[in-house]
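Input: a single structure, listed below in structure tokens.
This structure is a prediction, so every number in the text was calculated from the model and none was measured.
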Amino acid sequence: MGFENPTIDDFKNYFTRDFPYGNDPATSIQDTDIQKAYGQTNVNFNQGLWSTQADYTIGYFFMAAHWLVRSEER
């Protein structure tokens with residue numbers, strides 16, 4: 001079964017207050033940062049673990065957020 005990956009705007013709407021979104025790469029998370037985290041998620045994410053689109057989407061958000069936070073720690 002194939003699920004659709006959420007959009008970057010979906011990510012921002014889900015994590016509305018959890019990340020400092022903006023245009024300054026020194027102080028904020030940009031769309032390119034989220035896109036990079038999505039790329040890392042795609043490589044490490046097993047669609048077969050999820051039974052519904054809603055569950056898949058939430059799992060995808062959290063895996064992408066994990067990669068985003070890990071990237072910011074460096």
Side-chain angles (χ1 to χ4, degrees):
M1 175 184 303
F3 295 112
E4 277 191 43
N5 292 343
T7 66
I8 290 174
D9 284 336
D10 293 335
F11 182 91
K12 289 177 173 181
N13 288 330
Y14 189 81
F15 292 110
T16 303
R17 299 180 59 166
D18 298 294
F19 294 100
Y21 306 112
N23 295 322
D24 183 354
T27 61
S28 58
I29 302 296
Q30 299 180 297
D31 287 0
T32 54
D33 299 319
I34 299 169
Q35 188 62 48
K36 179 181 173 187
Y38 272 21
Q40 292 167 304
T41 298
N42 290 335
V43 172
N44 293 285
F45 205 67
N46 182 352
Q47 285 193 5
L49 297 175
W50 312 97
S51 58
T52 68
Q53 177 68 52
D55 291 343
Y56 173 83
T57 298
I58 291 172
Y60 195 95
F61 283 150
F62 278 100
M63 171 93 43
H66 164 78
W67 291 116
L68 192 58
V69 169
R70 292 288 303 173
S71 178
E72 293 298 309
E73 289 177 350
R74 296 180 201 157

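Residues satisfying the side chain to side chain contact (heavy atoms under 4.5 Å, CB included) criterion with Thr57, sequence neighbours excluded, are Pro6, Gln53, Phe61. Under the rule for a ring pair (Phe, Tyr, Trp, His ring centres under 6.0 Å), the partners of Phe19 that lie at least two apart in sequence or sit in another chain are Phe11, Phe15. With sequence neighbours excluded, no residue forms a salt bridge (Lys or Arg N to Asp or Glu O under 4.0 Å) with Asp10.
A side-chain donor-acceptor contact under 3.5 Å links Thr41 to the backbone of Ala37.
A distance of 10.5 Å separates OG1 in Thr7 from CD in Gln35, rounded to the nearest 0.5 Å.
Within the 4.5 Å cutoff, side-chain heavy atoms of Tyr60 are placed close to those of Asn42. Taking 4.5 Å as the limit, some side-chain heavy atom of Phe62 sits within range of a side-chain heavy atom of Tyr14.
Applying the side-chain hydrogen bond (donor to acceptor under 3.5 Å, both in side chains) definition to pairs two or more places apart or across chains, those involving residues 18-31 are Lys12-Asp31, Asp24-Thr27. The list of salt bridge (charged side-chain N to carboxylate O under 4.0 Å, His left out) pairs with a residue in residues 52-67, not counting sequence neighbours, is empty.
Here the closest heavy-atom approach between residue Trp67 and residue Gln40 is recorded as CB-OE1, 3.4 Å. Between Ile34 and Ile29, the shortest heavy-atom distance links the atoms CG1-CG2, 4.0 Å.
Linking Ile, Leu, Val, Met, Phe, Trp and Tyr whenever their side-chain heavy atoms come within less than 4.5 Å puts Phe3 and Leu49 in one cluster.
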